[in-house]
Amino acid sequence: MDIQRLKGFRDLLPDETPLWQRIEAAAREVFGRYGFEEVRLPLLEETALFCRSIGEATDIVEKEMYTFLDTGGTSVTLRPEGTASAVRSYLENGLHHSETKARHYYLGPMFRRERPQKGRLRQFHQIGAECFGWAEPWADADVLCLLWDLFAALGLSERVRLEVNSLGCADDRRGYVARLREHLTPRQEALCENCRRRLQSNPLRVLDCKSAHCRAATQDAPSLEGSLCGDCAAHFDLVRSHLTAQGLPFAVNHRMVRGLDYYNRTTFELLSGDLGAQNAVAAGGRYDGLVETLGGPPVPALGFALGVERLALLLGTQAAPRAHPDAYLVHRGTGALEAALLLRRGLARAGVRTEVDYEERSFKAQLRSANRSGARLALLLGEDEVAAETVAVKDLAEGTQETVGWDRAASRVAELLASPPTPSAGRDPHPGAPHVQSEKSEGST
RNA sequence: GUGAGUGUAGCUCAAUGGCAGAGCACCGGACUGUGGCUCCGGUGGUUGCGGGUUCGACUCCCGUCACUCACCCCA
């Protein structure tokens with residue numbers, strides 16, 4: 001096989017898809033409870049959409065996008081994130097005229113050409129929510145409650161921490177950036193090479209540099225919160241007090257800034273210590289100016305996105321077992337396979353999951369497979385049964401067996417499946433023998 | 001884009017420079033139609049790829065590719 005998957009792209013196999021289905025189901029459920037409706041948006045957009053929204057000077061736009069000319073000569077880009085498309089769709093479909101307020105969610109793949117590492121792929125998946133038309137701090141807090149409830153629904157509330165910050169409005173940031181530059185310029189010798197560059201291009205990012213020297217240099221820098229105007233400060237106060245009233249545990253992190261240009265006021269991240277270097281599992285914030293930037297009216301908005309791969313990493317591969325059949329059809333002799341397939345169809349239509357061998361393996365091998373499959377029942381079909389149009393229904397948990405006619409098989413199987421197996425029953429000739437073979441070592445450390 | 005680590009059977013891993021192995025999985029048999037245990041047997045390899053050193057390379061050297069983690073960046 002000389003063709004393999006591209007770097008940073010993954011195959012999701014049946015040992016993981018149940019976990020993803022569980023995540024998606026939980027998201028749909030919780031989003032629905034908060035009044036969010038699903039939208040399905042294109043993976044490919046005009047390149048200009050991302051340049052304008054994410055920011056020309058960001059790494060994403062500068063060097064990480066999958067951009068190419070389509071045969072019509074248009075520059076198109078595989079979406080690196082979801083918010084830009086969500087806003088475009090809100091505007092293009094005239095929702096700002098008809099409904100004005102809207103709560104949308106989406107899920108699907110995003111593409112960034114980065115060097116892969118733990119929790120970072122070139123095709124990765126996000127579940128995102130965007131909320132248009134509300135400027136009030138209650139909306140910020142409500143969205144955070146939704147996010148928190150989603151993680152709680154997945155049993156993760158103990159393993160993540162919520163950090164919030166406020167970036168203020170554009171005027172606040174302009175003033176703050178000037179003061180921050182003033183503070184850092186005399187200390188730029190202490191900054192890492194990267195941050196010395198950032199001091200010119202984007203001084204805010206010096207705040208969340210990991211280097212100890214840079215952290216020290218910003219230790220007693222003026223705080224962003226101190227630079228907020230009255231309205232922004234009041235907004236942030238109300239968000240925090242409402243989060244407290246709702247009982248959400250959170251910490252204010254004054255160093256948290258955004259990689260994307262469109263955020264203002266409230267920003268937040270959901271972080272975990274179990275994810276390696278890529279420790280953010282969800283992040284978002286308010287972006288009141290973006291709708292206008294993309295050619296619409298000034299519509300306030302906010303949203304977030306969470307990384308599905310990172311969420312799956314937190315939940316672990318053991319969290320959702322693969323489905324197993326209810327019954328395994330074992331056949332032997334002429335006509336038995338065809339009879340088994342007829343029974344299988346009838347059982348499938350009655351809602352019973354079955355498994356069957358298409359090839360003629362030994363009786364013993366089939367029965368062994370039946371056991372390993374996790375099926376509760378084995379349905380045995382030999383030449384005698386075929387001649388009599390019956391099937392031997394063996395309860396693998398109880399060790400009991402009975403013979404029923406084909407016409408009654410589906411209803412009898414359904415009955416047996418409905419009755420829970422008696423805990424102490426079952427034929428186990430070798431007590432103490434492991435029932436599960438080769439326990440997989442528990443996920444990553 | 002930069003750095004480090006790792007590449008041997010489907011999986012997990014062995015093998016002082018000297019015959020490429022084990023466990024698990026898979027298939028079969030013991031037990032011609034009744035399962036998890038046991039025993040026996042079997043299938044399965046271009047040791048990532050290409051060069052070099054050597055009588056001889058899985059092992060040492062160079063290159064290359066892939067994966068992993070980290071930097072960077074970000075969800």
Side-chain angles (χ1 to χ4, degrees), chain A residues 1-2 4-8 10 15 54 58-64 80-83 107 109-110 112-122 124-129 147 192-195 197-198 205 208-211 256-260 268-272 275-285 303-311 313 328 330-333 336 359 361-375 377-385 392 394-397 399-401 426-441 444:
Chain A
M1 175 78 171
D2 55 341
Q4 42 190 310
R5 63 178 185 269
L6 293 168
K7 184 199 289 289
R10 281 219 320 149
D15 59 339
I54 298 171
T58 58
D59 279 14
I60 295 177
V61 171
E62 270 182 2
K63 46 197 183 196
E64 293 174 359
E81 59 110 35
T83 300
L107 45 88
M110 310 289 165
R112 290 181 202 174
R113 199 180 181 291
E114 300 184 273
R115 190 77 173 262
Q117 70 182 75
K118 185 173 183 175
R120 189 171 80 182
L121 291 163
R122 292 183 171 183
F124 61 102
H125 296 76
Q126 289 190 336
I127 300 177
L147 179 59
C192 69
E193 197 184 326
N194 240 310
C195 285
R197 204 174 327 118
R198 285 199 273 238
R205 300 220 47 111
D208 69 350
C209 183
K210 282 174 189 163
S211 146
M256 183 176 71
V257 297
R258 296 275 71 156
L260 283 61
F268 51 86
E269 281 181 4
L270 217 47
L271 304 163
S272 166
L275 287 174
Q278 307 297 315
N279 62 348
V281 63
F304 68 84
L306 63 85
V308 180
E309 281 83 358
R310 294 180 188 182
L311 198 46
L313 230 39
Y328 202 107
V330 177
H331 52 86
R332 177 186 191 88
E359 73 270 44
R361 292 162 68 219
S362 74
F363 194 85
K364 173 176 175 165
Q366 292 184 56
L367 201 45
R368 188 151 46 132
S369 295
N371 265 292
R372 293 180 180 174
S373 74
L377 304 174
L379 307 190
L380 313 181
L381 275 164
E383 285 169 357
D384 293 349
E385 284 83 4
K394 184 178 179 64
D395 190 320
L396 295 168
T400 58
Q401 186 169 326
R427 190 167 65 106
D428 191 351
H430 303 281
H435 282 214
V436 255
Q437 75 283 49
S438 76
E439 197 85 37
K440 244 191 194 170
S441 64
S444 52

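Computed over heavy atoms, backbone and side chain alike; hydrogens, waters and symmetry mates excluded. We name chains A, B, ... by the order of the sequence lines, and we start the count at 1 in each one.
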Can you tell me how far [atom2] of [N] sits from [atom1] of [X], to the nearest Å?
{"X": "D208(A)", "N": "C71(B)", "atom1": "CG", "atom2": "P", "result": "13 Å"}
{"X": "H331(A)", "N": "G33(B)", "atom1": "NE2", "atom2": "P", "result": "14 Å"}
{"X": "R372(A)", "N": "A25(B)", "atom1": "CZ", "atom2": "P", "result": "6 Å"}
{"X": "F363(A)", "N": "A30(B)", "atom1": "CZ", "atom2": "P", "result": "15 Å"}
{"X": "F124(A)", "N": "C73(B)", "atom1": "CZ", "atom2": "P", "result": "16 Å"}
{"X": "L367(A)", "N": "G29(B)", "atom1": "CG", "atom2": "C1'", "result": "17 Å"}
{"X": "D384(A)", "N": "U32(B)", "atom1": "CG", "atom2": "P", "result": "15 Å"}
{"X": "M256(A)", "N": "C73(B)", "atom1": "CE", "atom2": "C1'", "result": "17 Å"}

When the [atom1] atoms of [M] and [N] are compared, how many Å lie between them, rounded to an integer?
{"N": "C72(B)", "M": "C61(B)", "atom1": "P", "answer": "31 Å"}
{"N": "G3(B)", "M": "G63(B)", "atom1": "P", "answer": "12 Å"}
{"N": "A20(B)", "M": "C24(B)", "atom1": "P", "answer": "24 Å"}
{"N": "G7(B)", "M": "G48(B)", "atom1": "P", "answer": "9 Å"}
{"N": "C27(B)", "M": "A9(B)", "atom1": "C1'", "answer": "16 Å"}
{"N": "U34(B)", "M": "G41(B)", "atom1": "C1'", "answer": "23 Å"}
{"N": "C74(B)", "M": "C58(B)", "atom1": "P", "answer": "46 Å"}
{"N": "G29(B)", "M": "U43(B)", "atom1": "C1'", "answer": "15 Å"}

Closest nucleotide among [options] to the [X] side chain:
{"X": "N371(A)", "options": "G36(B), C72(B), G29(B)", "value": "G36(B)"}
{"X": "K394(A)", "options": "C72(B), G35(B), G1(B)", "value": "G35(B)"}
{"X": "A283(A)", "options": "G33(B), A75(B), C72(B)", "value": "A75(B)"}
{"X": "R205(A)", "options": "C73(B), C74(B), A75(B)", "value": "C74(B)"}
{"X": "Q4(A)", "options": "A75(B), C73(B), A66(B)", "value": "A66(B)"}
{"X": "D59(A)", "options": "C71(B), C31(B), C73(B)", "value": "C73(B)"}
{"X": "R120(A)", "options": "G36(B), C73(B), G28(B)", "value": "C73(B)"}

Phosphate oxygens OP1/OP2 of [N]: is one of them under 4.0 Å from a side-chain N or O of [X]?
{"X": "R368(A)", "N": "C31(B)", "answer": "no"}
{"X": "R5(A)", "N": "A66(B)", "answer": "no"}
{"X": "R361(A)", "N": "C27(B)", "answer": "yes"}
{"X": "K7(A)", "N": "C67(B)", "answer": "yes"}

ring centroid sep under 5.5 Å plus plane angle under 30, F304(A) with A75(B):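 Here the ring of F304(A) and the base of A75(B) are not stacked, as the 5.5 Å and 30° limits are not both satisfied.
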
Less than 3.5 Å between a donor and an acceptor, one on the side chain of E385(A) and one on the base of G33(B), is that the case here?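 Indeed, a donor on one side and an acceptor on the other fall under 3.5 Å apart.
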
With a 3.5 Å cut-off and just heavy-atom distances, do the side chain of Q117(A) and the base of C72(B) make a donor-acceptor pair?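 For Q117(A), whose side chain was compared with the base of C72(B), there is a donor-acceptor pair (under 3.5 Å).
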
Indicate whether the side chain of S369(A) and that of R361(A) have a donor and an acceptor atom separated by less than 3.5 Å.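 Yes, R361(A) and S369(A) have a side-chain donor paired with an acceptor closer than 3.5 Å.
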
Heavy atoms under 4.0 Å, any strand shown: does Q401(A) hit a base, just sugar-phosphate, or nothing?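 Answer is base: heavy atoms of Q401(A) come under 4.0 Å of a base.
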
